[in-house]
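Notes follow once the structure below has been shown.
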Amino acid sequence: MIPTYSEAAKAAIPQLTRSAYKAFLFFEDENSESFYEEITKKITNEHRDIRVICLKGKPSLIEHCFDPINASTKNKTIYILDKDFDDLTGTQIVDDTIFYLSKYSIENYLLESSAIKRITLEEDPKSKCTADGAELTKNHLQSQAALFLKLSSLFLVNETYSLGIKSCSEPVQRFSLSNKPWLLCQAKINDYEDEIAAALILNGIATSEEDLKDILSRHEEMIHDYCHVPGKQILDSVRFLLSHTLKIRTPSRESFAFRLAAHCKLETLDNLRSKIAFVISKQGRPIRPVGGSHA
């Protein structure tokens with residue numbers, strides 16, 4: 001179980017924001033401070049002087065960003081938002097303090113080969129399968145790419161037209177084989193497509209078979225790679241795969257993500273690293289280079 005902050009600690013946040021922290025990083029996932037603190041350690045040596053705060057969802061971050069009561073600390077605040085499908089639906093919010101991830105969510109950054117090798121080694125230090133685990137993951141994601149992209153295109157249709165059908169938050173098992181939850185099931189994805197199609201017709205969005213095909217194909221063309229696939233579903237698929245193939249314990253998604261974060265280098269988060277450095281530099285304090293001493 002990943003530790004979270006107590007209600008008393010959360011109540012102290014207003015006082016903390018008036019303290020001498022160099023920066024405040026706000027994330028979307030409520031009660032996930034420990035996880036994001038682990039992420040922050042990897043992208044800046046200033047992490048001891050940075051306060052990580054997790055609110056409940058993207059709307060809460062946006063509301064906090066534009067609330068005048070927070071104006072006094074806004075010059076050292078960064079609101080880190082999941083990309084989700086906001087770039088494709090034209091719903092991204094523009095503000096100097098808002099930073100959008102370049103992938104669907106933070107989980108999309110975690111599947112580094114070195115991190116997977118480390119986790120498999122921790123499970124069995126005598127194992128010779130650590131390299132196989134990383135290669136297994138790579139091959140698995142390549143083989144499942146077409147199905148993941150198709151499924152995400154249906155999620156995009158659902159969000160574009162506000163159909164109200166459960167989508168990105170669903171566990172991957174809903175769309176995978178019952179006896180092999182790491183493998184997506186074409187039949188289940190087809191059923192989900194039928195559900196989306198029915199909603200488009202019911203709401204008068206598609207008035208003909210031609211309309212329906214056009215909507216589905218247009219949105220399918222918009223999803224090119226795993227950057228637009230929900231990261232939590234990717235992690236679910238991989239953790240089931242590794243558990244079954246390498247015969248290791250099946251961790252919870254939260255535990256798996258935390259362990260990956262502990263071993264990732266997160267070099268693909270350079271843009272966020274630069275944003276944090278810029279915000280700290282505005283406070284008029286020297287910035288330690290990444291990898292430097294904390295002394």
ask   = Strictly under 6.0 Å, is that where the ring centroids of H219 and F155 end up?
value = no

inquiry  = So that I know where these two stand, are Y192 and F175 an aromatic pair - ring centroids less than 6.0 Å apart?
reply    = yes

Under 3.5 Å, side chain of [X] to main-chain N/O of [Y], donor-acceptor pair present?
{"X": "Q233", "Y": "E170", "value": "yes"}
{"X": "R273", "Y": "I43", "value": "yes"}
{"X": "N70", "Y": "H64", "value": "yes"}
{"X": "S152", "Y": "L149", "value": "no"}
{"X": "N158", "Y": "I165", "value": "yes"}
{"X": "E33", "Y": "C54", "value": "yes"}
{"X": "S252", "Y": "S255", "value": "yes"}
{"X": "K275", "Y": "F99", "value": "no"}
{"X": "K188", "Y": "S176", "value": "yes"}

Of the non-hydrogen atoms in [X] and [Y], which two are nearest, and what is the gap between them?
{"X": "I116", "Y": "A134", "value": "CG2-N, 3.9 Å"}
{"X": "P181", "Y": "Q173", "value": "CB-CG, 4.1 Å"}
{"X": "Y21", "Y": "R48", "value": "CE2-O, 4.3 Å"}
{"X": "I189", "Y": "L154", "value": "O-CD1, 4.0 Å"}
{"X": "N203", "Y": "A199", "value": "ND2-O, 2.7 Å"}
{"X": "S237", "Y": "F148", "value": "CB-CZ, 3.9 Å"}

message = side chain to side chain contact (heavy atoms under 4.5 Å, CB included) for S153 and L216? Distances and angles first, verdict last.
response = CA-CA 8 Å; S153 75; L216 295 175; over 6 Å; no

Using a 4.5 Å cut-off on heavy atoms from C-beta on, say whether the side chain of [Y] contacts that of [X].
{"X": "L241", "Y": "L246", "value": "no"}
{"X": "Y100", "Y": "I93", "value": "yes"}
{"X": "F27", "Y": "I53", "value": "no"}
{"X": "E28", "Y": "L61", "value": "yes"}
{"X": "L200", "Y": "L163", "value": "yes"}
{"X": "F256", "Y": "L242", "value": "yes"}
{"X": "V52", "Y": "F26", "value": "no"}
{"X": "R253", "Y": "R239", "value": "yes"}

ring-ring contact (aromatic ring centres under 6.0 Å, His included) involving F85 - partner list, sequence neighbours excluded = Y104

Determine, for [X] against [Y], whether the closest basic-nitrogen to carboxylate-oxygen distance falls under 4.0 angstrom.
{"X": "E195", "Y": "R174", "answer": "yes"}
{"X": "K232", "Y": "E254", "answer": "no"}
{"X": "E193", "Y": "K150", "answer": "yes"}
{"X": "D214", "Y": "R218", "answer": "yes"}
{"X": "K247", "Y": "E123", "answer": "no"}
{"X": "K265", "Y": "E112", "answer": "no"}

request  = Apply the test side chain to side chain contact (heavy atoms under 4.5 Å, CB included) to residues D49 and I280: give CA-CA distance (whole Å), side-chain angles for both, the deciding distance (0.1 Å), then the verdict.
outcome  = CA-CA 10 Å; D49 298 314; I280 292 176; over 6 Å; no

When rounded to the nearest 0.5 angstrom, what distance separates [atom1] in [X] from [atom2] in [Y]?
{"X": "L235", "Y": "L111", "atom1": "CG", "atom2": "CG", "result": "5.0 Å"}
{"X": "T44", "Y": "K22", "atom1": "OG1", "atom2": "NZ", "result": "8.5 Å"}
{"X": "D95", "Y": "I78", "atom1": "CG", "atom2": "CD1", "result": "12.0 Å"}
{"X": "I201", "Y": "D211", "atom1": "CD1", "atom2": "CG", "result": "9.5 Å"}
{"X": "E38", "Y": "S32", "atom1": "CD", "atom2": "OG", "result": "13.0 Å"}
{"X": "N190", "Y": "C185", "atom1": "CG", "atom2": "SG", "result": "8.0 Å"}

Does [X], at its [atom1] atom, have more than 12 non-hydrogen atoms belonging to other residues, nucleotides or ligands within less than 6.0 Å?
{"X": "D270", "atom1": "CG", "result": "yes"}
{"X": "E210", "atom1": "CD", "result": "no"}
{"X": "Q92", "atom1": "CD", "result": "yes"}

request  = Please name the residue in the list D82, D86, T91 that meets the side chain to side chain donor-acceptor pair (under 3.5 Å) test with K58.
outcome  = D86

query = Are side-chain N/O atoms of S114 and H263 paired as donor and acceptor at under 3.5 Å?
reply = no

inquiry  = Pairing donors with acceptors under 3.5 angstrom, does anything connect the side chains of D29 and Y36?
reply    = yes

task = Show the numbers, then the answer: is there a side chain to side chain donor-acceptor pair (under 3.5 Å) between S105 and E107?
result = CA-CA 5 Å; S105 66; E107 288 83 4; 2.9 Å; yes

request  = For the pair S102 and Y109, evaluate side chain to side chain contact (heavy atoms under 4.5 Å, CB included) and give the outcome as yes or no after the intermediate values.
outcome  = CA-CA 10 Å; S102 59; Y109 292 86; 3.0 Å; yes

task = Mark yes or no: K103 above the aromatic ring of Y226, with NZ or CZ under 6.0 Å from the six-membered ring centre and no more than 45 degrees from the axis.
result = no

task = Using the side chain to side chain donor-acceptor pair (under 3.5 Å) rule, take D84 and H228 through it: C-alpha gap first, then chi angles, then the decisive distance, then the call.
result = CA-CA 7 Å; D84 298 329; H228 278 111; over 6 Å; no

message = Can you tell me which residue among R259, K117, R249 is in a salt bridge (charged side-chain N to carboxylate O under 4.0 Å, His left out) with E122?
response = R259

task = Verify side chain to side chain contact (heavy atoms under 4.5 Å, CB included) between L110 and L266, making sure each step is shown before the conclusion.
result = CA-CA 7 Å; L110 299 179; L266 296 178; 4.2 Å; yes

